[in-house]
Amino acid sequence: MPLRVYNTLSGSKEEFVPINPGKVGMYVCGVTVYDDCHIGHARANIVFDMIYRYLRAKGLEVTYVRNYTDIDDKIISRANRDGVSYQVISERYIAEFDRDMARLMLLLPTFQPKATEHIQEIIALVERLIAKGFAYQSDADVFFCVEKFDDYLRLSKRNLEDMQAGARIEVDERKRHPMDFALWKGAKPGEPYWESPWGQGRPGWHIECSAMSMKFLGETFDIHGGGKDLIFPHHENEIAQAEAATGKPFVKYWLHNGFVNINAEKMSKSLGNFFTIKQVLERYDAEVLRFFLLSSHYRSPIDFSDQNLKDAELGLERIYKALAGVDERLAAGAGDQPPSAEEAELAEKGKGIAARFAEAMDDDFNTALALGHLFDLVRSINKALPFASADLLALVKREVEAIAGVLGVCDSVPASFLQRIKERKTSEMEISAEEIEQLIAERAEARKAKNFKRSDEIRDDLLARNIVLLDGPQGTSWKVK
RNA sequence: GGCGGCGUGGCCAAGUGGUAAGGCAAAGGACUGCAAAUCCUUUAUUCCCCGGUUCAAAUCCGGGCGCCGCCUCCA
């Protein structure tokens, strides 16, 4: 079954055909390391982690590169504000980024290059552009000449005239065209710098990604990704730099994820309406956040709210409860069962889930639909649980684990996940687990004595404190509402 | 102003020509001492509005309304 992906360059879904059969080169723009990451960064990185996992699951050999932009104006200004060197800032936020991504259960990319470790490659690329007449020096700066590059703005589907009509940019007199952008910036006194043919300076914003992607993936590679907000100017400029220098197509498929919104508005630093990953993980399990972000299509906007996170948590719990039920039955040694309609349905759903999952994912990574199929299976599991054979339950478990491995959700031991959620919720309660257990014991006594007035009283009291009791064959357990 | 996108039940969200997945919430039933959990059933004759194409449209075309994004650092 062919994978189809939405390519920003063509504006439509295309069949994904790797340049080299069986192999994929994928570059994703990482972060500029000057502050903590927010949920928008979480989405971008989780989306491409999911894509990376799925490509690998399809048997492709993926070289995944995600950079750190560790020298830039914002890093310098942050360093100046804090009175430290830019390295202190970049190293601190690289460590924070790594920690956040690890908590979000992201696989490590094949390479994670840093801009400051590729200054020579960057200088070489700028020199190449100057030699070919696509760039010019102006004082200690070097600019890219957008008018020389015919395909400029092809990705964002605009033209230079329109851009100027709405331009709010201050015109730099040293530029030949207002849209020309810096490849190299001369250092002002006190700024960090590297020696270059144009004097002491540092790379412009976009050049590091062109230089590093081509170094690790070659001059033409398969996938380049990032948030929609990078289409212009960042990716547009990357294309210009790379293609002007090499004369070859830079990237075959451009993939862009949608934004995380707050009240239907883009979450962003400048609007100040953002939540950091750390803040959210104080209140929700990392897997819940992943599940939430994968519950809508990666290109759609997704609205971040407490209610939506809670819904996601309930949904994920539903899946885990079913899986925990499977584990319990397997542990109890589910023996042979007489044939039943429930088991037959589960067998059909269980054997078909991999194909349905692949079909959804092959359609431009439709994780929302894929999760819908998973919920379908969950219903069949719940229905068939008392009737299914151990073999069938084990098969279903394996199938779900395969899917979980691609999405990075439902990948925990079910009982531990449920325990984790329970502990998180309990820690926010004013009542201790011991007290609850004590009350449950008292209620059991009352029920034994048919004193339902007292037993209901206990249950209602606990309910008022958000504790829900669950009576089962093995006795009473509880959960936080 | 230019360019791009979106508008599906109370909420979230799939579906891009063949007669509306799934989740959350809600209601009824089974189960239960009563509940909860679980299971079953129900909840959009209709997909922002108005035209058009078609045997057939949420899906295509035209117009309108509303919302959002990019055009400035941004995942």
Side-chain angles (χ1 to χ4, degrees), chain A residues 8 11 13 28-32 34-35 37-48 72-74 77 153 156-159 161-170 179 205 225-234 236 256-261 264-271 274 291-292 295-297 299-303 305 307-308 310-316 318-319 321-322 325 342 356 360 363 366-379 381-386 447 450-453 455-456 459-460 462-463 467-472 476-479 481:
Chain A
T8 306
K13 283 185 201 171
V28 174
C29 288
V31 284
T32 300
Y34 72 102
D35 205 351
C37 289
H38 57 63
I39 301 304
H41 299 106
R43 184 180 196 190
N45 284 285
I46 286 171
V47 160
F48 286 100
D72 141 287
D73 293 357
K74 286 199 293 291
S77 71
L153 303 181
S156 53
K157 299 170 179 64
R158 303 172 206 200
N159 60 63
E161 294 71 47
D162 292 340
M163 296 294 285
Q164 285 176 80
R168 281 174 280 167
I169 44 174
E170 70 209 72
M179 294 299 291
W205 173 32
K228 273 186 156 73
D229 46 359
L230 295 182
I231 294 172
F232 182 89
H234 187 56
E236 204 69 76
H256 293 97
N257 65 276
F259 299 130
V260 177
N261 291 160
E265 269 194 331
K266 177 185 172 182
M267 178 186 293
S268 79
K269 280 287 173 63
S270 35
L271 289 171
F274 62 91
F291 181 85
F292 166 68
S295 65
S296 61
H297 187 93
R299 285 189 284 116
S300 307
I302 187 168
D303 214 53
S305 71
Q307 188 55 51
N308 289 348
K310 279 182 177 147
D311 280 359
E313 186 171 82
L314 284 169
L316 188 55
R318 177 175 164 81
I319 295 173
K321 266 187 245 173
E342 289 85 351
R356 280 193 293 274
D363 185 13
N366 194 336
T367 53
L369 182 59
L371 288 172
H373 293 324
L374 200 54
F375 277 110
D376 254 350
L377 179 64
V378 162
R379 179 156 357 101
I381 292 174
N382 286 331
K383 212 192 292 190
L385 206 50
R447 291 181 74 201
K450 304 262 185 223
N451 182 357
F452 296 122
K453 185 169 175 289
S455 76
D456 289 353
R459 190 177 61 202
D460 293 344
L462 286 170
L463 187 61
I467 305 295
V468 181
L469 297 186
L470 299 91
D471 292 331
T476 301
S477 59
W478 58 277
K479 66 163 199 171
K481 197 178 178 182

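In what follows, chains carry the letters A, B, and so on, assigned in the order in which the sequence lines appear, proteins first and then strands, with residues in each chain numbered from 1.
In this structure, A/S300 reaches the sugar-phosphate backbone alone: every heavy-atom distance under 4.0 Å involves primed, P, OP1 or OP2 atoms, never a base. Backbone-only contact: A/N366 has heavy atoms under 4.0 Å from sugar-phosphate atoms and none from a base. Within the 4.0 angstrom heavy-atom criterion, only backbone atoms of the sugar-phosphate kind lie near A/F232; the bases stay farther away. Across all strands, A/V47 comes closer than 4.0 Å to no nucleic acid atom at all (heavy-atom distances). Using a 4.0 Å heavy-atom distance criterion, A/R43 is classed as making no nucleic acid contact. Across all strands, A/L314 comes closer than 4.0 Å only to sugar-phosphate atoms, never to a base (heavy-atom distances). Using a 4.0 Å heavy-atom criterion, one finds that A/G30 contacts the sugar-phosphate atoms exclusively. Counting non-hydrogen atoms under 4.0 angstrom, A/L230 reaches the backbone sugars and phosphates but no base.
Comparing B/U19 with B/C11, their C1' atoms are spaced 26 Å from each other, to the whole Å. For the P atoms, the distance linking B/U45 with B/C6 amounts to 24 Å, nearest Å. Rounded to the nearest Å, the gap between the P atom of B/G10 and that of B/G51 is 23 Å. Taking atom C1' on both B/G69 and B/G52, the two are 30 Å apart, rounded to the nearest angstrom. Rounded to whole Å, the separation between the P atoms of B/G33 and B/A27 comes to 23 Å.
In the interface, the side chain of A/R379 is not paired with the base of B/C39 through any donor and acceptor atom under 3.5 Å apart. On a pure distance criterion of 3.5 Å, no polar donor-acceptor pair joins the side chain of A/D460 and the base of B/A35. For B/G33, its base sits under 3.5 Å from the side chain of A/R447 at one donor and acceptor pair at least.
With the nearest nucleotide of RNA chain B identified for both A/A370 and A/C29, A/A370 has the one nearer the 5' end.
Nearest nucleotide to the side chain of A/V260, out of B/C71, B/A75, B/U38: B/A75. Among the nucleotides B/C71, B/A35, B/C3, the one closest to the side chain of A/D471 is B/A35. Looking at the side chain of A/N382, the nearest of the listed nucleotides B/A13, B/U38, B/C40 is B/U38. Among B/G23, B/A37, B/A35, the nucleotide with an atom closest to any side-chain atom of A/R318 is B/G23. Comparing B/G33, B/G23, B/A14 by their nearest atom to the side chain of A/D456 picks out B/G33. The side chain of A/M267 approaches B/A75 more closely than any other nucleotide in the set B/C71, B/A75, B/A35. Side chain of A/A368, nearest nucleotide from B/G23, B/A14, B/A35: B/A14. Nearest to the side chain of A/D376, among B/G33, B/G22, B/C71, sits B/G22. In the set B/C71, B/G33, B/C12, the nucleotide with an atom closest to the side chain of A/N308 is B/C12. The side chain of A/L470 lies closest to B/A37, out of B/C71, B/A37, B/A75.
Within the model, atoms CD1 of A/I39 and CE of A/M267 stand 6.0 Å from one another, a figure rounded to the nearest 0.5 Å. Between A/D376 atom CG and A/R356 atom CZ the span is 6.5 Å, to the nearest 0.5 Å. Note: A/T32 OG1 to A/D72 CG = 5.0 Å, rounded to the nearest 0.5 Å. Between A/S300 atom OG and A/N257 atom CG the span is 11.0 Å, to the nearest 0.5 Å.
Rounding to whole angstrom units, NE2 of residue A/H297 and P of B/A13 are separated by 13 Å. Atoms CG (A/N261) and P (B/A75) sit 15 Å apart, rounded to a whole Å.
Taking the ring axis of A/F232 as reference, the NZ or CZ atom of A/K157 does not stay both within 45° of it and closer than 6.0 Å to the ring centre.
A stacking contact between A/F375 and B/G22 is absent: the pair does not combine a ring-centre distance of less than 5.5 Å to the base's six-membered ring with planes differing by less than 30°.
Between A/H38 and A/F274, the ring planes lie tilted relative to each other; the angle falls in the 30° to 60° range.
Each of A/D303, A/I302, A/L371, A/T367 was checked for a side chain to side chain contact (heavy atoms under 4.5 Å, CB included) with A/S296, and the lone residue meeting it is A/I302.
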